[in-house]
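Heavy atoms only: backbone and side chains are in, while hydrogens, waters and symmetry mates are out. Counting convention: from 1, in listed order, for ligands and their atoms alike.
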Amino acid sequence: MKFSKIVLGLAVVMGFVASAAAQSTMRINIAIAQNSHQGVAIDTFAKEVEKRTGGRYKIQTFYNASLGSERESIEAVQLGTQELTFTSTGPVPNFVPEARILDIPFLFRDKAHARAVLDGPIGQEILTKFDSKGFKALAWGENGIRNMTNNKRPINTPEDLKGLKVRTMENPVHVAAYKGLGIVTTPMAMAEVFTALQQGTVDGQENPLSVIMAAKLDQVQKYLSLTGHVYSPAVLLMNKAMFDKLSAADKQAFLDAAKEAVKLNRARVDEDDAGGVAYLRGKGMNVVENVDKSKFVAVLAPVYADFEKQFGKAEIDRIRNYK
Ligand code: EAX
């Protein structure tokens, strides 16, 4: 009797050891709340990876910059101290300059145009530029169309932006453009934004409705203007060496899981955009809906001239005219 109990006990332990050894755990994070378009992305990615690899890979999800800011997380993935991250392209140009062209204000007609460019040859080509920088970019996701908020005044025309102290992402293209609009720019990580607005360190910030709602910025911002001045892509990044070590089947599983994640991420952005204005008005924000974007584009003419020198007019037009 005793002997069979020992054998049984050993079998159970061996079983645990085998399954534990067979399962690897990886971490992925975002800089905003789980209840968000980005939370949907990483939660879906985690579920899909576990399902598609038969449980051999478990993805632990972290929110609210608990593992670090977007910039710190991109750096950690590049170094391999963190396996994955889902981030807006805000800080990306500091690591992959080729992605900067996507951050040009008023470059895309709308989300459909941006999604077509990112999922088409132009966007897929830019994804390959991440490889030599230590990343496997699994898929383009979506952060959304960025709008201005502030505590000073409604923004109807570019003149209303003059002298406003606005938090920006750590993105050189955004900073150059916003300065061109007369904004006093303060680059800062997302986790510091709520407090900076609350304390009046800055007057305003700019983000998609999805982020404004997820970060509860209605609690510290009075005015929202639907300037729609930038389409903000997101990207699902994995440490390149870790991706390369996966079997061919698991590489495909990670890529397919990323595709599923982005589908639901974009669907949540559409949902947020459909209900966001009413929601934020209901929270007491003063919303300017009809902003004449052509006036902002006109003021940006000198900045566009610089961008054409930086990126090439043909490259910019290729994106602008993409159908
Ligand atoms: O990715 O930093 C920002 O304004 C981003 O839009 C935010 O972190 C979500």
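- Remark: the backbone N or O of Asp244 is paired with a side-chain donor or acceptor of Lys251 at under 3.5 angstrom.
- Under the 4.5 Å side-chain heavy-atom criterion for grouping Ile, Leu, Val, Met, Phe, Trp and Tyr, Ile74 is connected to Trp140 within one hydrophobic cluster.
- Shown here are the ring-ring contact (aromatic ring centres under 6.0 Å, His included) partners of Phe95, two or more places apart in sequence or in another chain: there are none.
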May I have every N or O pair linking ligand 1 to the protein at under 3.5 Å, one per line with atom names and distance?
{"unit_1": "ligand 1", "atom_1": "1 (O)", "unit_2": "Gln38", "atom_2": "NE2", "d": "2.9"}
{"unit_1": "ligand 1", "atom_1": "1 (O)", "unit_2": "Glu70", "atom_2": "OE2", "d": "2.5"}
{"unit_1": "ligand 1", "atom_1": "2 (O)", "unit_2": "Arg167", "atom_2": "NH2", "d": "2.8"}
{"unit_1": "ligand 1", "atom_1": "4 (O)", "unit_2": "Arg146", "atom_2": "NH2", "d": "2.9"}
{"unit_1": "ligand 1", "atom_1": "4 (O)", "unit_2": "Arg167", "atom_2": "NH1", "d": "2.7"}
{"unit_1": "ligand 1", "atom_1": "4 (O)", "unit_2": "Asn207", "atom_2": "OD1", "d": "3.3"}
{"unit_1": "ligand 1", "atom_1": "4 (O)", "unit_2": "Asn207", "atom_2": "ND2", "d": "2.9"}
{"unit_1": "ligand 1", "atom_1": "6 (O)", "unit_2": "Asn143", "atom_2": "ND2", "d": "2.8"}
{"unit_1": "ligand 1", "atom_1": "6 (O)", "unit_2": "Arg146", "atom_2": "NH1", "d": "3.1"}
{"unit_1": "ligand 1", "atom_1": "6 (O)", "unit_2": "Asn207", "atom_2": "OD1", "d": "2.7"}
{"unit_1": "ligand 1", "atom_1": "8 (O)", "unit_2": "Glu70", "atom_2": "OE2", "d": "3.3"}

Which donor-acceptor pairs under 3.5 Å do side chains of residues 299-312 form with protein atoms, sequence neighbours excluded?
{"unit_1": "Tyr304", "atom_1": "OH", "unit_2": "Pro105", "atom_2": "O", "d": "2.8"}
{"unit_1": "Gln310", "atom_1": "OE1", "unit_2": "Arg100", "atom_2": "NH1", "d": "3.1"}

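- Counting only distance, with no hydrogens or angles, the side chain of Thr149 and the backbone of Gly204 share no donor-acceptor pair below 3.5 Å.
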Side-chain donor-acceptor distances from residues 226-233 under 3.5 Å, at least two apart:
{"unit_1": "Thr227", "atom_1": "OG1", "unit_2": "Met148", "atom_2": "N", "d": "3.1"}
{"unit_1": "Thr227", "atom_1": "OG1", "unit_2": "His229", "atom_2": "ND1", "d": "2.8"}
{"unit_1": "His229", "atom_1": "ND1", "unit_2": "Arg146", "atom_2": "O", "d": "3.2"}
{"unit_1": "His229", "atom_1": "NE2", "unit_2": "Tyr178", "atom_2": "OH", "d": "3.3"}
{"unit_1": "His229", "atom_1": "NE2", "unit_2": "Glu206", "atom_2": "OE1", "d": "2.9"}
{"unit_1": "Tyr231", "atom_1": "OH", "unit_2": "Glu142", "atom_2": "OE2", "d": "2.6"}
{"unit_1": "Ser232", "atom_1": "OG", "unit_2": "Asn143", "atom_2": "ND2", "d": "3.1"}
{"unit_1": "Ser232", "atom_1": "OG", "unit_2": "Arg146", "atom_2": "NH1", "d": "3.2"}

